[in-house]
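Have a look at the structure below, then the notes.
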Amino acid sequence: MKLFCVLGIESSCDDTGAAVIRSDGTILGESLASQHAIHEQFGGVVPGLAKDAHEENIDRVINTALQRANMSMEDVDAIGVTVGPGLEICLRVGCNRGRELAMKYNKPFVGVHHLEAHILMARIPPVKHDNNGGEQSATYDEIVQSSGDRAMDFPFLALLVSGGHCQILKCLGIGRYAIVGGTLDDSLGEAFDKIARLLGLPVGGGGGPAVEALSLDGDPHSVALPIPMQRRKDCDFSYAGLKTSVRMAAERMCVERGVESPERLRYEDKANIAASFQHVAFRHVEIRLGRAMELVEKEDGIRTLAVVGGVAANKELRRRLNALCSDRIEPWEMLVPPPRLCTDQGAMSAWAAVERLSVGSSDLAEDQEVFARYPFSVSLNDAS
Ligand code: KG4
Ligand code: ZN
């Protein structure tokens, strides 16, 4: 199979990302402009400021990714841009630039679905992902072996846990995803962000990493918290109640310690709250996902799991889900992208475009819209 290179652009939320990826999965160059410092003081993403920062950074980010790949726009074979779901005014910045470049240089164009891009990162071949200097570290044999190969084949089950989404999906093919479970309220990433804010931890770019780090110093069984939806025997999630239970437990601790707010609790107390929250939040995942695995194993013979989205960067989640897969009577294979490819960045859009182009699917740059909401599942009836 002939190798080709795609420039990917991502601007759906608070980071501006671009990357050039080769169709064998080698990232030739990438660049990411983080907006953490801008949004930190507001405790969450401010859409207007995010859009301004995307506009300010987009050209530099694209040019840096190209430079690191040792390429110019002429050398790129196609362009992939995230077009939804996400913040509309932010999506438009990346989409407009991608369209302009595709039209100016007459390149094939792919409007990328952000959730599909997260999922497809699990299929990226395990060749040198970190080839970020423009040098090609894969040997010719490796390239030939890996071209066309994917880390995992369809069908597989995916757990998508990010700031905006919390879903279990049966992945049947490019553009063919059936939702097995979703969240009734908050996403898992959102729950991490809210607990980080409650405890006064840094939340720029998401509070998850700060909660994870603090949890390492806490006892996960020290604060009793209820596991959500114990009686509901389906594959859906709910994190709003857990967040309230954590807040109430933290407030009780404040009274005991004679401090005004959870932010002012001692480090050990905060660590215990964080660790207990993380433990129960992941227990909820294990239960819902375990049920979904049971279901698709029986119905479809699926025995492969992809864990994707920002929260998949969490080491404890990776460890626990790894155990969930290997402890089954018939063990499952689990694939998780490297942590830095779990959170939003340009390689996602580039790789999703490689996948779409590989099955002969692309879009018309001139007509491309952006979609703040962008459902992408097929119904379960069509899915078999
Ligand atoms: O996929 P992503 O970068 O953006 C969305 O599409 O939403 O995910 C961001 C989310 C944030 O809620 C962030 O707190 C969470 O992923 N996250 C983590 C970790 N790293 C990022 N949550 C828990 N542990 C982490 N290590
Ligand atoms: Zn994302």
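Just follow the structure's listing: the first ligand is 1, and inside any ligand the first atom is 1.
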Would you say Glu10 and Thr82 are linked by a side-chain donor-acceptor pair, where the criterion is simply a distance under 3.5 Å?
yes
Proximal ligand 1 atoms for Gly164, defined as those under 4.0 Å from one of its heavy atoms
7 (O)
Gly189-ligand 1 polar pair, N/O distance under 3.5 Å
yes
Taking distance alone, with N or O pairs closer than 3.5 Å, would you say Phe192 contacts ligand 1?
no
Exceeds 12 heavy-atom contacts within 6.0 angstrom, atom CE of Met248
no
At a non-hydrogen distance cut-off of under 4.0 Å, which region of His118 contacts ligand 1 (side chain, backbone, both, or neither)?
side chain
Step by step, work out the ring pair (Phe, Tyr, Trp, His ring centres under 6.0 Å) result for Tyr374 and His114.
CA-CA 9 Å; Tyr374 193 178; His114 185 70; over 10 Å; no
Tell me the protein heavy atom at minimum distance from atom 22 (N) of ligand 1, and give that distance in Å.
Gly208 CA, 3.3 Å
Tell me which part of Val311 gets within contact of ligand 1: side chain, backbone, both or neither, using heavy atoms under 4.0 Å.
both
Side-chain donor-acceptor pair present, Ser261, Glu263, cut-off under 3.5 Å
no
Side-chain heavy-atom pair Met229, Arg288 within 4.5 angstrom cut-off
yes
Residue pair Lys298, Glu294: steps toward the salt bridge (Lys or Arg N to Asp or Glu O under 4.0 Å) verdict:
CA-CA 6 Å; Lys298 212 180 294 164; Glu294 201 82 27; 5.4 Å; no
When you check the side-chain N and O atoms of His36 and Asp14, is any donor under 3.5 Å from an acceptor?
no
Below 3.5 Å, N or O to N or O, backbone or side chain included: is there any such pair between Gly206 and ligand 1?
no
With a 4.0 Å heavy-atom cut-off (strictly under), which part of His114 contacts ligand 1: side chain, backbone, both or neither?
side chain
Checking only N/O/S atoms, does His165 have one that is under 2.8 Å from the Zn ion (ligand 2)?
no
